[in-house]
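If you read the sequence from its start, that first residue is 1, and numbering goes on from there. Source: prediction; values computed, not measured.
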Amino acid sequence: MVKVRLLQLGAFACVSALWAIVAATGVVSPTALPGPRAVTVALGDLLAGGAFWQAVAETLRGAVVGLVVAIAVGIPVGLVTGVYEAAEESSRLLVEVLRSFPVIALLPVFLLVLGSTPGMKATVVFIACVFPVLLQAQYGSRGVSQAVREMAHGYRIPRLLRMRRVVLPAAAPSIMTGLRLAATTSVLVSIGVEVLTTLPGIGHMIMESQQAGASARAYAYILTAGAIGYTITLLAQFAEHRLLRWRPPARAGEE
């Protein structure tokens, strides 16, 4: 693990050095690509101000609301459609059609229907996140072996108890994968909506900074978005490790 972290830090240092060299040589205009020092100074100034934290809070609020609703809808629907073949077959066409739409392309429709409101942002996040959760829950619920299904049926275990004690634990690893993907997607979509609308948040601050010619400040917000996404990934991995401690190691010798 230490070796992996050192390699990751080395790669990060190389990219930062390349960035500094490109910015110092003037190959790219400083307006388009400010140096890492300028971005670091801008980020430090932002961290000391309340507007920065308010923008982060607005972005996270829309992401969390949409993600929570996606989880509340996606997991039960995925489990049911994974367990019952008739439910899966009847909903397959609808799910395939809906998940094929690029959610950002539907933004004008949501703006017309819901207006430029926080609820609209949460709705767009929900649509972007619900299908990864649903499909992973559906896939995981199919992992219950036929022998286990027959045993549960033979003992006449109630359907709700069977879903909770048999299907859900079997689908948990797959569900956690879907949650990890959806959590990162929620922040990216929330920022994307803010970039394309007037809703407050990190995305809106990026556009505002670019229009004001403050490219270093815009890059500081972009790096903040990346840091948030990376933090969410780490938290999701930690939660997965804690919740799925009962799962056998994926590789020999893994702890």
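Pairs engaging residues 105-125 under the salt bridge (Lys or Arg N to Asp or Glu O under 4.0 Å) rule: Lys121-Glu194 [sequence neighbours left out]. For residues 23-52, no residue pair satisfies the side-chain hydrogen bond (donor to acceptor under 3.5 Å, both in side chains) rule, not counting sequence neighbours. Within the structure, ring-ring contact (aromatic ring centres under 6.0 Å, His included) contacts touching residues 44-76 (residues at least two apart or in different chains) are Phe52-Tyr221. Within the structure, salt bridge (Lys or Arg N to Asp or Glu O under 4.0 Å) pairs that include any residue of residues 172-183 comprise Arg180-Glu240 (at least two apart or interchain). Within the structure, the salt bridge (Lys or Arg N to Asp or Glu O under 4.0 Å) test picks out no pair touching residues 13-29 (sequence neighbours left out). Residue pairs satisfying the side-chain hydrogen bond (donor to acceptor under 3.5 Å, both in side chains) criterion with at least one member in residues 67-80, sequence neighbours excluded, are absent. For residues 197-225, there are no salt bridge (Lys or Arg N to Asp or Glu O under 4.0 Å) pairs, not counting sequence neighbours.
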For this session: Take Val125 and Val64 through the side chain to side chain contact (heavy atoms under 4.5 Å, CB included) test and state the conclusion after the steps.
Result: CA-CA 9 Å; Val125 172; Val64 169; over 6 Å; no
Exercise. Do Ile175 and Gln136 pass the side chain to side chain contact (heavy atoms under 4.5 Å, CB included) test, and can you show the C-alpha distance, the side-chain angles, and the key distance before you say yes or no?
Worked result: CA-CA 5 Å; Ile175 290 174; Gln136 287 294 326; 5.7 Å; no
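Atom CD1 of residue Ile232 and atom CG of residue Leu188 lie 8.5 Å apart, to the nearest 0.5 angstrom.
For Glu58, the salt bridge (charged side-chain N to carboxylate O under 4.0 Å, His left out) partners are Arg61, not counting sequence neighbours. Residues satisfying the salt bridge (charged side-chain N to carboxylate O under 4.0 Å, His left out) test with Glu85, not counting sequence neighbours, are none. Annotation: ring-ring contact (aromatic ring centres under 6.0 Å, His included) contacts of Phe131 (sequence neighbours excluded): none.
Under a hydrophobic clustering in which Ile, Leu, Val, Met, Phe, Trp and Tyr are joined whenever their side-chain heavy atoms come within less than 4.5 Å, directly or via other members, Met207 and Ile191 fall into the same cluster. One hydrophobic cluster, built from ILVMFWY side chains closer than 4.5 Å, holds both Met205 and Val195. Tracing side-chain contacts under 4.5 Å through hydrophobic residues (I, L, V, M, F, W, Y), one never reaches Leu235 starting from Ile71; they form parts of separate clusters.
Using a 4.0 Å cut-off between charged side-chain N and carboxylate O, Arg92 and Glu96 make no salt bridge.
Grouped by direct or indirect side-chain proximity (heavy atoms under 4.5 Å, Ile/Leu/Val/Met/Phe/Trp/Tyr only), Val39 sits with Leu18, Trp19, Val22, Val27, Val28, Leu33, Tyr219, Leu223.
Of the possible polar contacts, one joining the Thr59 side chain to the Ile202 backbone as a donor-acceptor pair under 3.5 Å is found. For the pair Ser174 (side chain) and Ala137 (backbone), a donor-acceptor distance under 3.5 Å is absent. A donor-acceptor pair is defined here as one N or O able to donate and one able to accept, closer than 3.5 Å; no such pair exists between the side chain of Ser209 and the backbone of Ala214. With hydrogens and angles ignored, the 3.5 Å screen pairs a side-chain donor or acceptor of Ser90 with a backbone N or O of Ala86.
For Gln54, the CD atom is loosely surrounded, since the number of other residues' heavy atoms within 6.0 Å does not exceed 12.
A heavy-atom distance below 4.5 Å is not found between the side chains of His204 and Leu199. You'll find the side chain of Arg99 stays beyond 4.5 Å of the side chain of Val130, heavy atoms only. Residues Ile127 and Phe110 meet the side-chain proximity criterion, which asks for heavy atoms closer than 4.5 Å. Ser16 has its side chain out of reach of Pro36: every pair of non-hydrogen atoms, C-beta onward, lies at least 4.5 Å apart.
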Side-chain donor-acceptor pairs under 3.5 Å in residues 73-84, sequence neighbours left out?
residue	atom	partner	partner atom	Å
Thr81	OG1	Val77	O	2.8
Thr81	OG1	Gly78	O	3.2
Thr81	OG1	Gln138	NE2	2.8

